[in-house]
Amino acid sequence: MSITKSTDSSTMIPTRTQVAIIGAGPAGLLLGQLLYKAGIDAVIIERQSGDYVLGRIRAGVIEQTTADALDAAGVGARMHAEGLPHDGVELCVDGQRHRIDLAALTGGKHVTVYGQTEVTRDLMEARATEGLLTVYEAQGVSVHDLGAGTSTGSQPRVRFTRDGVAHEIACDYIAGCDGFHGVCRASVPAGALRTFEKVYPFGWLGLLADVPPVSDELIYVRSPRGFALCSMRSKTRSRYYLQCSLDHKVEQWSDAAFWEELRLRLDPQACDELVTGPSIEKSIAPLRSFVTEPMRFGRLFLAGDAAHIVPPTGAKGLNLAAADVTYLAAALADHYNGRDDEGLARYSERALARVWKAERFSWWFTSLMHRFPDNAGFGDRMQEAELAYLFGSQAAQTALAENYVGLPMVLH
Ligand code: RFL
Ligand code: PHB
């Protein structure tokens, strides 16, 4: 059984569904599974191939609320078996490491290190097992009749082409899970949404390699040469990042140059213990904070990166996407079970309350740990004072730990 195959023939694509989900990233796939569990009919429409989606190397840290959502969707088994529970993280500042004891500071909470690729694979597999439809390689996807300000009878539609055949799916609701560059947010009339944005003057160069991690826990590094992160996917696969200039191209970075630069940013013990090897993947990601308000326009609900972006320093992007679709799935279940529409009415407000707190944490952690090109002088001293305060204050460490393991979700 291929988990990334969409349809055997385009005749299988229906003309109607209850919820059309645009995008088969973690937000769209998890929403699809939660809706299936609630007995709600949904089709996922994705512009890329399934293999392309699985090939994207992204997040690695799963909060407890995300793990709970994956369990609720019936796809948590492999994460529990293969994921690595982490009770702490380390911050390395100017060559000295400080451990933040996440479990002790949060009453026993932890995060799980389990790659986004694996989460995606588990969700795709569950979808294929249940025979649920994902239309991959849909071209020219467009959304219509979103219904804001019209009568309740309005019926949204999704149009696209697959294998040269044009399709239209009518639905009750559209879930815009199509990421930052997707079509859903862009289809809302100008002026109906307000956006907030901060672009950072650097990127992250990431490298994946089949070498054992340098340490049992993640190390976030602030050094005079810039930020670095030592992360992992398993006990035999490591993920490292280096802060880099935005004009750098990935082709400029040989594996040898990457490892050499990483060594220059690590503490002496990590340098001694670092195991290097050929890269499996290397890529550069820009860093951005971005929020759309509200996360709804009529019968279109935005979720995940389609509605907001965080810089990866706080490891919040995938987790926010999971929280959004947990709110949305519960709201749609209440609607279709005839309970009430309060969840749909309050979706944006509830999701945004959590989003803004994660935006604040990701911005704070990014600002604390990176070298800013124009920061020499006062800005550097502020970082140093903040770090000295953090390492000397249990209250400050508790604030970091609470945010890192993930803030609670308020469902009702
Ligand atoms: P995605 O994953 O971007 O998926 C959107 C999907 O929509 C498709 N699409 C369309 N489909 C149909 N029609 C169109 N017109 C379409 N336009 C786009 C796309 O092909 C895609 O398949 O968004 P989603 O589902 O909201 O998930 C968000 C997460 O992927 C993202 O927030 C995280 O990866 C962010 N992130 C991290 N998050 C964490 O929680 N923990 C981490 O440790 C973490 N590390 C990271 C990260 C992101 C990174 N990069 C590369 C930005 C590390 C990095 C380096
Ligand atoms: C990752 O492993 O890709 C990762 C871990 C923690 C972060 C960001 C990315 O904060």
Side-chain angles (χ1 to χ4, degrees), residues 13-25 27-32 34-35 38 40-47 133-135 138-162 166-197 290-309 320-321 323-336 340-352 355:
I13 296 174
T15 55
R16 162 139 191 95
T17 187
Q18 288 177 306
V19 181
I21 300 172
I22 316 298
L29 287 166
L30 179 57
L31 178 63
L34 292 171
L35 293 183
I40 299 166
D41 188 43
V43 174
I44 301 182
I45 300 130
E46 163 64 50
R47 129 176 115 175
L133 177 63
T134 308
V135 181
Q139 284 149 6
V141 178
S142 59
V143 294
H144 305 270
D145 298 328
L146 302 175
T150 62
S151 73
T152 48
S154 130
Q155 174 131 97
R157 284 163 300 121
V158 180
R159 292 193 192 129
F160 56 92
T161 305
R162 175 112 211 298
H167 295 273
E168 180 176 294
I169 304 181
C171 54
D172 301 332
Y173 297 102
I174 297 176
C177 301
D178 50 348
F180 184 64
H181 300 288
V183 69
C184 289
R185 193 181 70 249
S187 302
V188 175
L193 301 179
R194 185 165 178 209
T195 58
F196 302 81
E197 185 169 32
F290 176 87
V291 181
T292 309
E293 285 185 354
M295 288 167 57
R296 172 186 189 172
F297 179 75
R299 288 171 174 265
L300 168 69
F301 292 86
L302 298 172
D305 280 12
H308 42 73
I309 295 284
L320 280 180
D324 288 352
V325 299
T326 303
Y327 284 124
L328 186 54
L332 288 165
D334 282 352
H335 169 78
Y336 284 109
D340 60 46
D341 279 355
E342 203 209 335
L344 288 178
R346 296 191 56 198
Y347 165 71
S348 176
E349 172 198 330
R350 281 183 178 145
L352 281 169
V355 165

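All values reported here derive from a predicted model rather than from experimental measurement. Keep in mind that the numbers below use all heavy atoms, side chains included, and drop hydrogens, waters and symmetry copies.
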To check you understand the geometry: which heavy-atom pair defines the closest contact between [X] and [Y], and what is its length?
X	Y	result
Ala351	Asp324	CB-OD1, 3.7 Å
Val183	Ser187	O-OG, 2.6 Å
Leu35	Ala329	CD2-CA, 4.0 Å
Pro294	Thr292	O-CG2, 3.8 Å
Ala307	Leu302	CB-CB, 3.9 Å
Gly176	Ala306	O-CB, 3.4 Å

Aromatic plane relationship, Phe160 with His167 - under 30° parallel, 30 to 60° tilted, over 60° perpendicular: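 It falls in the parallel class, under 30°.
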Distance check, rounded to the nearest 0.5 Å: [X] atom [atom1] versus [Y] atom [atom2]?
X	Y	atom1	atom2	answer
Arg47	Ile22	CZ	CD1	12.0 Å
Arg185	Thr195	CZ	OG1	7.5 Å
Leu300	Tyr173	CG	OH	12.5 Å
Arg296	Leu344	CZ	CG	6.0 Å
Leu352	Met295	CG	CE	5.5 Å
Ile21	Leu31	CD1	CG	4.0 Å

Validation row: Val43, Val158 side chains within 4.5 angstrom (heavy atoms):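 No, too far: nothing below the 4.5 Å cut-off.
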Contacts of Tyr336 that satisfy ring pair (Phe, Tyr, Trp, His ring centres under 6.0 Å) - sequence neighbours left out: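 Scan of Tyr336 (ring pair (Phe, Tyr, Trp, His ring centres under 6.0 Å), adjacent residues dropped) gives none.
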Residues that Tyr327 engages under ring pair (Phe, Tyr, Trp, His ring centres under 6.0 Å), provided they are two or more places apart: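 Tyr327 satisfies ring pair (Phe, Tyr, Trp, His ring centres under 6.0 Å) with no other residue.
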Between His335 and Asp172, a side-chain donor and acceptor under 3.5 Å: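 No - no donor-acceptor pair under 3.5 Å links their side chains.
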Side-chain (Gln18) to main-chain (Asp41) donor-acceptor, under 3.5 angstrom: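 It does hold such a pair.
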